[in-house]
Amino acid sequence: ETGVTQTPRHLVMGMTNKKSLKCEQHLGHNAMYWYKQSAKKPLELMFVYSLEERVENNSVPSRFSPECPNSSHLFLHLHTLQPEDSALYLCASSQGYIANEQFFGPGTRLTVL
Amino acid sequence: RKEVEQDPGPFNVPEGATVAFNCTYSNSASQSFFWYRQDCRKEPKLLMSVYSSGNEDGRFTAQLNRASQYISLLIRDSKLSDSATYLCVVQGGTSYGKLTFGQGTILTVHP
């Protein structure tokens, strides 16, 4: 595997379900990010981990819970989501938090019924 | 006011045309500037950084005007493969290191 991978690529879940999104980066980077991309809206930064410590949490509802067990892996745990949470969730990584370039994974297309 | 504002388009141009995209940002403390490209149903990828002196990469030219808080991207001799959404991205300002994305400008190049 190369670059940034995400699983699953597509997810449909009910409002009462609990699911997790997984991201893995194979680039040796030390910063990882979760973004939300909704239709006709800019990418919204959700969480940032630098050296496995959370450095940003952009007022994201508690029904989204990130986890970064090591510098290569990032999870987004989901529970009791709302239909408006349906979006493309993108993971990214970079070498250093203050980096010029972030490398994105292909994203998970989430639909909440 | 949006932190990063772009004309969403869409821009529909014939092959070979020259097309320019504009972007404005609200925070004068912003430090770094980029253009990313996002193909349909794909992830964003860095196209080029934007420097105060202006910079060129093949058919692509980026300009930055810090006084006006304005960024531009010029594409010359458009190719069909240039069809994508172009994202204006600003780093720093309200949150050190954070990338703030514009909504994106859709470009379609037709034969």
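Protein chains get the first letters and strands the later ones, always in sequence-line order, with residue 1 at the start of each.
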Under the ring pair (Phe, Tyr, Trp, His ring centres under 6.0 Å) rule, what pairs show up with a residue in residues 41-71 of chain A, not counting sequence neighbours? A:Phe64-A:Tyr89
Under 4.5 Å to a heavy atom of chain B? For A:Phe103 that would be neither
Angle class for the B:Tyr25/B:Phe33 ring planes (parallel below 30°, perpendicular above 60°, tilted otherwise)? tilted
Given the options B:Leu74, B:Leu107, B:Asp7, B:Phe21 meets side chain to side chain contact (heavy atoms under 4.5 Å, CB included) only with B:Leu107
Non-hydrogen atoms of chain A under 4.5 Å away: do they reach the side chain of B:Gln6, the backbone, both or neither? neither
Heavy-atom pairs under 4.5 Å with chain B are the metric here; pick the option from A:Lys41, A:Gln37, A:Glu44 that has the most. A:Gln37
Residue part contacting chain B, namely of A:Leu43, when any heavy atom lies under 4.5 Å: both
Hey, mind stepping through A:His29 and A:Ser93 against side-chain hydrogen bond (donor to acceptor under 3.5 Å, both in side chains) and telling me if it holds? CA-CA 6 Å; A:His29 290 164; A:Ser93 71; 2.8 Å; yes
